[in-house]
Protein chains: 2
Amino acid sequence: MYAYEFIKDAIIQGKYEPGMRLAEETLAKELNLSRTPVREAIKQLEAEGLLVPLKRGVSVRHFTKDDIRQIYDLRTLLEGYGASQAAINRTDDDLKRMETANQLYEKAITQYIESDMDSIKEIVDVNQEFHNSIVAASKNAHIFFHISKVVVVPVVFRSFYWYNHFQLQQSLEVHKIILQAIKNKEPERARIAMHEHIFQGRDHVLRHLEEIKNSHLLKEEDS
Amino acid sequence: MYAYEFIKDAIIQGKYEPGMRLAEETLAKELNLSRTPVREAIKQLEAEGLLVPLKRGVSVRHFTKDDIRQIYDLRTLLEGYGASQAAINRTDDDLKRMETANQLYEKAITQYIESDMDSIKEIVDVNQEFHNSIVAASKNAHIFFHISKVVVVPVVFRSFYWYNHFQLQQSLEVHKIILQAIKNKEPERARIAMHEHIFQGRDHVLRHLEEIKNSHLLKEEDS
DNA sequence: GGTTGACTTATTGTATACAAAAGATTAAAT
DNA sequence: ATTTAATCTTTTGTATACAATAAGTCAACC
């Protein structure tokens with residue numbers, strides 16, 4: 001599915017801005033494809049909630065502050081549950097994978113602080129990897145489906161790009177607490193730590209949006 | 001989207017059995033449509049997880065017992081959260097809607113017990129309505145998306161059809177407790193009652209599957 | 001000035017055709 | 001008899017064409 005990847009990427013990269021209307025023919029031309037495969041890609045992205053149907057055609061989804069809060073609340077719920085289950089069900093191999101991911105995370109942050117700006121991309125990827133390794137250890141294969149839908153928000157907002165050194169360090173520390181709780185098989189502690197971690201992420205996004213205010217990403221009015 | 005509805009319905013009604021492979025042309029003929037709209041419907045159902053991609057074409061998803069447990073666990077988490085938030089955020093209008101739905105639920109059960117077998121369909125619908133009204137009162141619009149994905153399981157298994165009179169009465173009682181908690185604005189009590197309610201549903205499904213064993217709906221092996 | 005209605009244009013929905021790829025089948029060779 | 005290669009068949013991926021419908025335009029009318 002080339003068309004699917006392309007459009008999804010364009011949305012995440014901000015090339016297609018939230019609220020922007022997308023016509024099939026236009027997309028088809030941009031991709032050097034006919035409308036047929038483009039339409040299928042659109043249908044999928046609609047089912048995933050990244051595109052919203054209009055009377056005619058679709059537009060890129062945008063988020064109000066309420067949306068962001070609500071989606072983060074769900075993410076907290078889901079990943080918190082994932083962490084608690086991971087603390088119960090993790091194998092030693094699972095633990096090893098989490099630790100490895102978090103070591104890479106630490107390394108990427110160190111590199112970034114030593115002013116290698118390019119390593120932000122690495123930080124994002126390795127952070128994702130860490131979170132995934134926890135969910136994988138929970139042994140509930142279906143969480144992935146839901147989490148992937150709920151993680152698009154920080155991704156489309158590219159929230160990592162506005163973390164400062166201190167905030168990155170701080171998130172690393174929380175990662176370590178989560179890891180410790182899972183290692184010790186303390187589900188409640190793991191859940192609470194994960195809750196806190198994701199709420200921090202939510203507040204980070206909301207605070208930033210408050211600052212830049214006129215972000216094209218955010219819909220003007222919260223109903 | 002006629003094709004989408006048709007195929008989804010056929011899966012839920014059990015006309016297309018889990019594991020069954022579906023070819024585009026076959027579906028198109030059955031629907032008196034060309035392959036184009038059929039393909040789009042397939043792509044959507046794939047994104048929703050009701051169809052799984054094969055090397056060639058797709059097949060109807062089937063569930064292992066582990067799948068059922070895991071999906072019910074998620075549903076418990078989500079609806080439990082919904083109930084707790086409803087207890088916090090519900091308006092008087094929300095409450096009225098829940099109460100109305102549950103009165104209709106009670107009525108449908110009474111009718112059923114008085115041996116009007118057709119009212120099972122009504123029970124299913126009104127139960128759904130009751131659950132929806134709670135989620136709506138939670139004021140998190142995004143839960144709907146996730147819950148709809150997680151509710152397909154009891155639906156494809158048509159689990160309501162094997163409730164006996166006593167079990168129906170019992171579920172009505174739990175509904176009343178949930179309602180009371182939401183009315184009193186007791187989030188924790190609402191959450192716990194909802195947890196219990198859905199776990200009962202899960203156990204009901206699993207117990208029944210254990211009994212019939214050779215259900216074509218269930219994949220033989222739990223890995 | 002603003003509304004209504006006929007007409008034009010743009011955009012989507014569906015069908016069909018053909019190209020590409022995967023699977024099945026047959027025949028030859030060891 | 002089993003493996004391998006070549007060929008045929010089925011099924012999917014993409015392009016194009018046309019039909020159906022929504023949106024936009026303009027002019028006549030109140």
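Excluded from the calculations below are hydrogen atoms, water molecules and symmetry mates; all remaining heavy atoms, backbone and side chain alike, are included. So that the names make sense, note that chain A is the first sequence line, chain B the second, and so on, each numbered from 1.
Under a cut-off of 6.0 angstrom, the local environment of NZ in B:Lys183 is sparse, with at most 12 non-hydrogen atoms contributed by other residues, nucleotides or ligands.
When the nucleotides D:dT14, C:dT16, C:dG23 are ranked by their closest atom to the side chain of B:Thr36, C:dT16 comes out on top. When distances are taken from the side chain of A:Glu40 to each of C:dG23, D:dT14, C:dT14, the shortest belongs to D:dT14. Set against D:dT14, C:dA15, C:dG13, the side chain of B:Leu33 has C:dA15 as its closest nucleotide. Side-chain proximity of B:Pro37 to D:dT12, C:dT14, C:dT12: nearest is C:dT14.
One distance of note links CG of A:Asn132 with CD of A:Glu79; it measures 8.0 Å at 0.5 Å rounding.
No N or O donor and acceptor, one from the side chain of A:Arg56 and one from the base of C:dT12, sit under 3.5 Å apart.
The side chain of A:Ser34 places an N or O atom within less than 4.0 Å of a non-bridging phosphate oxygen (OP1 or OP2) of D:dA15. Between A:Arg21 and the phosphate of C:dT12, there is a side-chain N or O to OP1/OP2 separation shorter than 4.0 Å. Not one side-chain nitrogen or oxygen of A:Arg35 sits closer than 4.0 Å to the OP1 or OP2 atom of C:dA10.
When the C1' atom of D:dT14 is taken as reference, atom CZ of B:Arg39 falls 8 Å away, rounded to whole Å. Atom CD of A:Glu25 is separated from atom P of D:dT16 by 11 Å (rounded to the nearest Å). A straight line from NZ of A:Lys29 to P of D:dT14 spans 19 Å, rounded to a whole angstrom. Atom CZ of A:Phe6 is separated from atom P of D:dT14 by 15 Å (rounded to the nearest Å). Remark: C1' of C:dG13 and CG of B:Asn32 are 16 Å apart, rounded to the nearest angstrom. Between A:Glu24 atom CD and D:dA20 atom C1' the separation is 14 Å, expressed in whole Å. With rounding to whole Å, B:Leu31 atom CG is found 17 Å from C:dG13 atom P. Atom CD1 in B:Ile42 sits roughly 13 Å away from atom C1' in D:dG13 (whole-Å rounding).
The residue from B:Asp94, B:Asp92, B:Asp93 that alone fulfils the side-chain hydrogen bond (donor to acceptor under 3.5 Å, both in side chains) condition with B:Arg90 is B:Asp92.
The closest side-chain donor-acceptor pair between A:Asp73 and A:Thr76, if any, does not fall under 3.5 angstrom.
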Pair B:Glu210, B:Lys65 - check salt bridge (Lys or Arg N to Asp or Glu O under 4.0 Å), show working.
CA-CA 9 Å; B:Glu210 197 58 48; B:Lys65 275 188 201 146; 2.8 Å; yes

